[in-house]
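Worksheet: the structure to be examined is printed underneath.
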Amino acid sequence: AQKVTQAQTEISVVEKEDVTLDCVYETRDTTYYLFWYKQPPSGELVFLIRRNSFDEQNEISGRYSWNFQKSTSSFNFTITASQVVDSAVYFCALIIYSGAGSYQLTFGKGTKLSVIP
Amino acid sequence: DTGVSQDPRHKITKRGQNVTFRCDPISEHNRLYWYRQTLGQGPEFLTYFQNEAQLEKSRLLSDRFSAERPKGSFSTLEIQRTEQGDSAMYLCASSLGGGADTQYFGPGTRLTVL
């Protein structure tokens, strides 16, 4: 069975600091997809990035960057120069084909990030 | 494009009552998912629709839960004889369809069972 572990339950940083959120996954499948979602206090999950298992290139989008390493089964997320608006719970998720027709997301427990002004 | 919408946003009910939630996916998205999220946890899969067909149900979905997606558009999730353990955020997501495509989530319905 697949599993996603986000060992950091809560992180606090001062505004403008860089912060890395860790994500480790487990799956026996060779084809899978990894995601990051942001959940602000309003509750709605906001999609950030999707990465497939065959693409190990790191990605940068503005202040956000992602480091995917299959050798360590990790998909870490870094926010550069954090801002108060980055305060949220961040979820890492894994998707594989269930065999019964669906592509279910398996989520980690999330990391709550607090950015202090 | 409007996003996924859910109604109501909040529902407070007494134990034993029935409740129904509605989800309107992004138009032209043929896949629809329901998830449940309890405090301090990530969302957990409940059920999945491809158009109007319910193709998969989690073992989390007890007999008191039923979901429908008539005509392959909006979906409803009904919980009968609610229990306090049903208190959670119920999230709906939709995707266009085509492999493991990105699921876009609605704002959720927060259920409190007294």
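Reminder, nothing fancy here: chain letters follow the sequence lines and each chain counts from 1.
Heavy atoms closer than 4.5 Å to chain B are found in the side chain of A:Ile95, but not in its backbone. For B:Gln6, no part sits under 4.5 Å from any heavy atom of chain A, backbone or side chain. Of the atoms belonging to A:Tyr37, it is side-chain heavy atoms, and not backbone ones, that fall under 4.5 Å from chain B. Of the two parts of B:Phe49, neither the backbone nor the side chain holds a non-hydrogen atom closer than 4.5 Å to a non-hydrogen atom of chain A. Neither the backbone nor the side chain of B:Arg110 comes within less than 4.5 Å of any heavy atom in chain A. Looking at A:Gln39, only its side chain comes within 4.5 Å of chain B, counting heavy atoms on both sides.
Put simply, A:Val19 and A:Val46 are part of two different groups of oily side chains (I, L, V, M, F, W, Y) that touch within less than 4.5 Å, one to the next. Taking hydrophobic clusters as Ile, Leu, Val, Met, Phe, Trp and Tyr residues chained together by side-chain heavy-atom distances below 4.5 Å, A:Trp66 shares a cluster with A:Ile11. B:Leu32 and A:Phe107 fall into different hydrophobic clusters, where Ile, Leu, Val, Met, Phe, Trp and Tyr residues are linked whenever their side-chain heavy atoms come under 4.5 Å apart, directly or through other members.
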**Message:** Run B:Arg31 and A:Tyr103 through side chain to side chain contact (heavy atoms under 4.5 Å, CB included) and show every step you take.
**Reply:** CA-CA 10 Å; B:Arg31 292 181 179 174; A:Tyr103 292 85; 3.3 Å; yes
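No more than 12 heavy atoms of other residues, nucleotides or ligands shown are found within 6.0 angstrom of CD on B:Glu68. Applying the 6.0 Å contact sphere to CZ of B:Arg15 captures no more than 12 heavy atoms from other residues, nucleotides or ligands. Annotation for A:Lys70: atom NZ counts as buried by contact number, over 12 foreign heavy atoms lying within 6.0 Å. Heavy atoms of other residues, nucleotides or ligands lying less than 6.0 angstrom from CD1 of A:Ile116 number more than 12. B:Leu114 CG: more than 12 foreign heavy atoms inside a 6.0 Å radius.
Here the shortest heavy-atom pairing between B:Gly106 and A:Glu44 reads O-CG, 3.7 Å. Closest of all the heavy-atom pairs between A:Gly43 and B:Leu91 is O-CD2, 4.5 Å.
Formation of a donor-acceptor pair under 3.5 Å by the A:Gln104 side chain with backbone atoms of B:Tyr48 is not found in this model. With hydrogens and angles ignored, the 3.5 Å screen pairs no side-chain donor or acceptor of B:Tyr33 with any backbone N or O of A:Leu105.
The structure places CD of B:Gln103 at 7.0 Å from CZ of A:Phe35, a figure rounded to the nearest 0.5 Å.
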